[in-house]
Amino acid sequence: MRSRIQRVLSSTATIRRIRRLPPLQSPPWRSLAATVSNSNLQRHLPQQPAWYSSSFMEEGSTSAIRKPKVLINDLESSMNKLLATEDPLSPEAWIESEELSSLLLQDKSIRSVVYSFQLLDRLLIDLPSPFGDWINTNLLNRMVGLWRVALWENDIPDYSVSQMLDRVLHYAQHHQLGNEKTLYLIVEAGVRSGKTTPEFAEDVLEKCITLWQAGNDPFYPTPPLFNIVTRAWMLAQRPETVTRIEAIVQRMVELMIPLNRESYLNMIQALAALGSTDAALRCEDILDRMAQAYQAGEITFSSLDGAFGGAFGMTITAWFKSGSPHAGRKAEELLRKMLDLHANHLHEKTDIIPAFNVAIQCQTMSGTISGAKKAQEIFNMMRERFTPDYISYLNLIQAWSIVGQPTRVEAIVQQMRTLYENGNEYLRPDSVIMTALISAHARSNSPNKVKDNREEAATRAYDLLQELKDAYKNGDESLKPNVVCYNSVMNGLARMKDPHRVSQLLREMFQDYEAGNKSAKPDVRSFNILLKAWSLTSDPHKGERAEQILKSMIDLSEAGKLDVAPNVISYTTLLTCYGSSNRPQKAEEVFNEMERLHAAGKLGAPTKQTLQLLKRAWLTSKDKNKRTRAKAVEREIALRFG
DNA sequence: CTAGGGTTAG
């Protein structure tokens, strides 16, 4: 149905021309300039709108585009004239207002947001309009929608999220404008831009519920409003996040608001983030309830929604994050259930592939060969029906890499390379894949355990790094070796008990970093690997060597050159250097230093492993009182860690 | 802005 004003307006050639302009992607002055330059149009203009000032007309079209200020000023002057009118608005003024507001709504500047609300406020004084009810909730929601976009990157004076809420509540109370969607837009704007707290979001939700319960039907709180409050809590990542989300779901149940797909998914995702076995079990519970709701017809999925994949995938993620030893088995079960439940609704891209990928990852947690075999099985099963992506390959590679099986990894990388060369550009083996391969070598164990292959393996890892460096030098950014990659190779060299080569590579790494490869910046782990290399040698002075390294770590970080302040692992490794060279007193001194630093808040607490290594330092020493000392440490372990 | 990635203390 057309309002009176629309009928009036559409009868004039002016407005017809303006309406026929393409939708404004560019600011309004640009289109207006085009309008003005069209002489044909000008003939149809019975009278120029007030904001077509003469000065603008004289400027000519091209300069008007280059000098947008001119039009803004014209808009401003006609706006100000309108706003300053104390008498009731004339019909002409109403027509002009409608034109202005439609222009403002098409421009995404902060200025037009502010203008449009000022205009609305002025018009509300004179309501009802002589031209029907074109000032309605739909218009308000479009304005709030614009404000929301503008707020994304800016703060708008006098139009903060809470000020907008006050404003909208005022409109609702005095002008019967606004509905639940209006409130949703405000919360969404605040939440997504990070400008409000979850408490604020909850507050708006409650206000909406109150309005609705007072008989204001347009404020019926829909599931998306509840869901955006839930997201607010998720983004806040507070300890009470899950409890609050549960309370929100409880509220939905009380008010008999149906839960939708996103309500269930949010709950599962929030729980998965907790990373506990209990949370993973609760995810399974919600998954079951979701399936029941689906079978009862309470939630439906359009073909684009892709059924349950997301929920299953996130539940598997919950198991992965739980670190539970059952994660692998659980992942398999859930995958099977997913395939059974929704064989016909599975969508490759959005749902299935990630679920498989996390399931593969779950198999790596045991760190056993049989885990790697399981990972391979799942990968093979996946490949029968679907298309594994980059992450699928990476996770499979990781499964074999972690158990030190470089031959398997080499083969998989080769498969990827073949697929890449056949046109699958996403499967290009990049530095991440190559790093996984490198660490597979660096971790590899001799297959027959008779001959120590560490040197050979470390050399292979080192050579691969040189290949990456060469490729990078030749301009291949995707193979740029980064800190992880260097650390892997150093780890291989450390395993062959060669601290000199480790420290040489550390220097190379530092040079690479200084030469501009910012991603090769040595970190604490790099230095810890060097410390570990010393701890593995039989050098009687390795304690002193390690202490020197620790000192330089402190110096480097205090000088602000590298961010390598020693951590608990660094000190523990130093302790091991003394401990494994028959210097238990020195090891204990290190431990005492750690305690001191911890008390001063400069270091994390020594771990159980720290104490166990101290105990071993005494036991393996030739000290006369070694048993008594070891007993004392044992008591300390019991005391601290139960 | 819906999950999933590579390095660490024998």
Side-chain angles (χ1 to χ4, degrees), chain A residues 152 188 191-194 227-228 230-232 234-235 261-262 264-266 268-270 272-273 283 305-306 309-321 331 350-362 364 388-399 401-402 409 429-440 442-443 454 461 481-492 494-495 497 509 519 522-537 567-577 579-580 606-610 612-613 616 620:
Chain A
W152 188 254
E188 213 231 10
V191 169
R192 304 261 189 226
S193 64
N227 291 343
I228 190 68
T230 299
R231 280 229 82 87
M234 290 169 74
L235 291 168
R261 176 176 182 266
E262 204 192 343
Y264 287 101
L265 286 177
N266 281 342
I268 292 175
Q269 206 185 334
C283 284
D305 283 337
F312 274 97
M314 273 195 265
T315 306
I316 300 175
T317 304
W319 278 110
F320 176 70
K321 289 187 180 164
T350 51
D351 292 319
I352 300 305
I353 307 300
F356 271 99
N357 291 350
V358 194
I360 291 172
Q361 212 179 6
C362 284
T364 70
D389 67 4
Y390 173 87
I391 304 284
S392 320
Y393 279 93
L394 178 62
N395 287 354
L396 178 64
I397 285 173
Q398 174 64 3
S401 170
I402 221 157
V409 178
D430 59 3
S431 66
V432 175
I433 297 284
M434 294 311 287
T435 298
L437 172 58
I438 286 171
S439 40
R443 278 190 285 237
R454 284 185 216 192
N482 60 19
V483 51
V484 181
C485 190
Y486 276 101
N487 286 355
S488 286
V489 179
M490 289 197 294
N491 200 34
R495 270 168 34 115
K497 309 176 188 182
M509 183 183 182
S519 56
D523 63 5
V524 189
R525 289 171 184 202
S526 320
F527 282 82
N528 285 353
I529 292 166
L530 177 57
L531 289 168
K532 168 178 146 178
W534 278 108
S535 82
L536 292 173
T537 65
N567 60 17
V568 174
I569 296 173
S570 324
Y571 279 96
T572 304
T573 315
L574 169 63
L575 183 152
T576 314
C577 284
S580 54
T607 64
K608 190 174 181 180
Q609 199 169 352
T610 313
Q612 281 168 339
L613 287 163
R616 178 133 106 211
T620 55

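Each chain gets a letter, A, B and so on, in the order the sequences are listed, and its residues count up from 1.
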What is the distance, rounded to the nearest whole Å, between atom CD1 of A:Ile438 and atom C1' of B:dG5? 15 Å
Quick one: label A:Asn266 by what it contacts on the DNA or RNA (base, sugar-phosphate, nothing), any heavy atom closer than 4.0 Å. nothing
B:dG10 OP1/OP2 closer than 4.0 Å to side-chain N/O of A:Ser535: yes
Quick note, A:Phe320 side chain, CB onward, closest among B:dA3, B:dG6, B:dG5 is B:dG5
For A:Thr607, report the nucleic acid contact type (base, sugar-phosphate, nothing); a contact means any heavy atom under 4.0 Å. nothing
Checking all strands, does A:Ser488 fall into the base, sugar-phosphate, or nothing category for heavy-atom contacts under 4.0 angstrom? sugar-phosphate
When only distance counts, do a donor and an acceptor, one from the side chain of A:Asn482 and one from the base of B:dG6, lie under 3.5 Å apart? yes
To the nearest angstrom, the CH2-P distance between A:Trp152 and B:dC1 comes to 9 Å
Residues that A:Tyr571 engages under ring-ring contact (aromatic ring centres under 6.0 Å, His included), provided they are two or more places apart: none
Of the candidates B:dG5, B:dA9, B:dG6, the side chain of A:Ser431 sits closest to B:dG6
Expressed as a whole number of Å, how far does the C1' atom of B:dG10 sit from that of B:dG6? 23 Å
How many Å lie between NZ on A:Lys532 and P on B:dT7, as a whole number? 12 Å
Find the distance A:Leu536:CG to B:dA9:C1' and express it as a whole number of Å. 10 Å
Nearest whole Å is fine: how far is B:dG10 P from A:Ile569 CD1? 10 Å
A:Thr317 meets the side chain to side chain contact (heavy atoms under 4.5 Å, CB included) criterion, sequence neighbours left out, with A:Lys321, A:Val358
Touch check for A:Lys608, heavy atoms < 4.0 angstrom, all strands: base, sugar-phosphate only, or nothing? nothing
Candidates B:dT7, B:dA3, B:dG10 - which lies nearest the side chain of A:Lys321: B:dA3
C1' spacing across the pair B:dA3 / B:dT7, given as an integer number of angstrom: 23 Å
Base, sugar-phosphate or nothing for A:Asn491? Non-hydrogen atoms, less than 4.0 Å. sugar-phosphate
Would you say A:Ser570 and A:Thr573 are linked by a side-chain donor-acceptor pair, where the criterion is simply a distance under 3.5 Å? no
Taking OP1 and OP2 of B:dT7, is either one under 4.0 Å from a side-chain nitrogen or oxygen of A:Gln398? yes
Whole-Å distance between B:dA9 P and A:Leu575 CG? 15 Å
B:dT7, OP1 or OP2 - any side-chain N/O from A:Arg443 closer than 4.0 Å? yes
Side-chain contact check for A:Thr573: nearest option of B:dT7, B:dT2, B:dA9 is B:dA9
Students often get this wrong, so: under 4.0 angstrom with heavy atoms, is A:Tyr486 touching a base, only sugar-phosphate, or nothing? nothing
Value in whole Å for how far the P atom of B:dA3 lies from CD1 of A:Ile352: 15 Å
Given A:Phe356 and A:Asn395, is the side-chain contact (heavy atoms from CB on, under 4.5 Å) satisfied, shown in steps? CA-CA 10 Å; A:Phe356 271 99; A:Asn395 287 354; over 6 Å; no
Within a strict 4.5 Å, meaning less than it, do heavy atoms of the A:Leu530 and A:Met490 side chains meet? no
Atom CD1 of A:Ile529 and atom P of B:dG10: how far apart are they, to the nearest Å? 12 Å
On a whole-Å scale, what distance lies between the P atoms belonging to B:dG5 and B:dC1? 15 Å
Under 3.5 Å side-chain donor-acceptor pair for A:Thr230 and A:Asn227: no
Could you check which of B:dG10, B:dG5, B:dT7 has an atom nearest any side-chain atom of A:Ile391? B:dG5
